[in-house]
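Note that ligands are numbered from 1 as they come in the structure, with each ligand's atoms numbered from 1 the same way.
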Amino acid sequence: MTDLSLPGLPGALPDKRQVAASFSRAAASYDSVAELQRAVGHALLEQLPSDVEPQHWLDLGSGTGYFSRALRSRFPQAAGVAVDIAEGMLQHARGQEGAHYYVAGDAERLPLQDASVDLIFTSLAVQWCGDFRAVLDEAFRVLQPGGALAFASLCAGTLHELRESWQAVDGLVHVNRFRPLQDYQRLCEQSALRVLTLQVRPHVLHYPDVRSLTHELKALGAHNLNPGRPAGLTGRARMQGLLQAYEQFRQTQGLPATYQVVYGVLQKPLIEGE
Ligand SMILES: C[S@@+](CC[C@H](N)C(=O)[O-])C[C@H]1O[C@@H](n2cnc3c(N)ncnc32)[C@H](O)[C@@H]1O
């Protein structure tokens, strides 16, 4: 079994080409296992300011395009652009009744003009970015004054059961660290955007066994691609150790996997420096 996980802190992040390749490979399987992603994206949609009426929206890290379709049906008069770093994901999403434009690009260096959109929606993508400050700067740049950024991301504590279980087995990097909530808070407050809401909510999924969890992470493209990950396949003895260690977390519904989800809604002031 290969190691699986999600991205971590600046300095310990995977190569972006590997991230793109991994998500491209996962494009076909992603939708069938994206229960958490659906729940989080819908929760984020509910947090959009009630008066938001964009003419141009951006679905950033759009994946298979599920939320591009949701944005189009919510804002039928607006034009939408989907940006993703994984060409395979864009190919999958193209041709659907979602975005009007599909562009390959990086959230830290958006391929969009200044003040070109009035809503940025980004769900469970920016945890892959080592430089969240750059993400916020880019959002500020491409938003029109008064425009909003709504993001959902993952913070420290995510998949702690898997991390702690691996820790008991060999102490290697099988599950990465996520940016602490305090870093999200600090970077949002320091940005030129105004913070309307910022909160963390745990989402807990349950699995009958560890393999169901790790297979799902793989189908999502959420492999452990980080420097420091163990090389090669996991040996039978270590795997057995992992299964045993994870059992300490078992609940009546099954084995829990906790995701600490940060939701933020920020606005570009109408007047600069406001
Ligand atoms: C977990 S998927 C979420 C997809 C979609 N937003 C959803 O909720 O179903 C994460 C997506 O972010 C994309 N991604 C990762 N790093 C990115 C970056 N730096 N810039 C743009 N997209 C990125 C991946 O290619 C992948 O499609």
Side-chain angles (χ1 to χ4, degrees), residues 4-8 10 13-48 57-72 80-94 96 98-99 101-112 117 119-139 142 149-154 158-159 176 178-179 203 205 216-226 257 259 261-263:
L4 297 155
S5 95
L6 289 157
L13 275 168
D15 182 315
K16 283 189 176 162
R17 280 165 306 185
Q18 287 187 332
V19 172
S22 176
F23 276 109
S24 288
R25 278 194 299 274
S29 54
Y30 181 91
D31 278 334
S32 63
V33 284
E35 178 190 340
L36 172 85
Q37 288 70 14
R38 296 288 180 267
V40 169
H42 282 294
L44 185 62
L45 278 175
E46 280 169 25
Q47 293 179 41
L48 294 181
W57 52 258
L58 162 63
D59 183 7
L60 179 54
S62 48
T64 55
Y66 178 90
F67 286 105
S68 301
R69 293 199 300 278
L71 287 164
R72 185 161 176 164
V81 57
V83 169
D84 200 287
I85 204 166
E87 186 54 51
M89 282 291 194
L90 290 168
Q91 268 171 26
H92 187 94
R94 260 185 206 113
Q96 300 179 15
Y101 307 98
Y102 294 87
V103 185
D106 183 349
E108 292 175 23
R109 286 182 60 185
L110 286 174
L112 299 180
V117 299
L119 172 65
I120 302 174
F121 176 93
T122 179
S123 188
L124 292 182
V126 296
Q127 70 275 7
W128 291 98
C129 295
D131 191 352
F132 187 59
R133 191 192 302 270
V135 173
L136 293 172
D137 287 350
E138 279 295 83
V142 304
L149 161 69
F151 77 86
S153 188
L154 297 171
T158 294
L159 293 178
N176 306 323
F178 292 86
R179 191 177 286 113
H203 289 247
L205 301 185
E216 184 172 296
L217 290 175
K218 188 169 185 193
L220 288 166
H223 297 60
N224 180 7
L225 302 167
N226 290 269
Y259 291 84
V261 184
V262 189
Y263 295 93

For ligand 1, run through the N/O pairs with the protein that fall under 3.5 Å and put one pair on each line.
residue: ligand 1; atom: 6 (N); partner: Gly61; partner atom: O; Å: 2.8
residue: ligand 1; atom: 6 (N); partner: Ser123; partner atom: O; Å: 2.9
residue: ligand 1; atom: 9 (O); partner: Tyr30; partner atom: OH; Å: 3.1
residue: ligand 1; atom: 19 (N); partner: Asp106; partner atom: OD1; Å: 2.9
residue: ligand 1; atom: 20 (N); partner: Ala107; partner atom: N; Å: 2.9
residue: ligand 1; atom: 22 (N); partner: Ile85; partner atom: N; Å: 3.3
residue: ligand 1; atom: 25 (O); partner: Asp84; partner atom: OD1; Å: 2.6
residue: ligand 1; atom: 27 (O); partner: Asp84; partner atom: OD1; Å: 3.3
residue: ligand 1; atom: 27 (O); partner: Asp84; partner atom: OD2; Å: 2.7

Is a side-chain N or O of Tyr102 found less than 3.5 angstrom from the main chain of Ala93, in a donor-acceptor match? yes

Residues, nucleotides or ligands: over 12 heavy atoms within 6.0 Å of Glu35 CD: no

Strictly distance-based, threshold 3.5 Å: is any side-chain N or O of Gln91 a donor or acceptor partner for the main-chain N or O of Ser24? no

Pairs flagged by salt bridge (charged side-chain N to carboxylate O under 4.0 Å, His left out) wherever residues 59-71 is involved - sequence neighbours left out: none

Are the side chain of Gln127 and the backbone N or O of Ala125 linked by a donor-acceptor pair below 3.5 Å? yes

Do any N or O atoms from the side chain of Glu138 and from the backbone of Leu110 form a donor-acceptor pair under 3.5 angstrom? yes

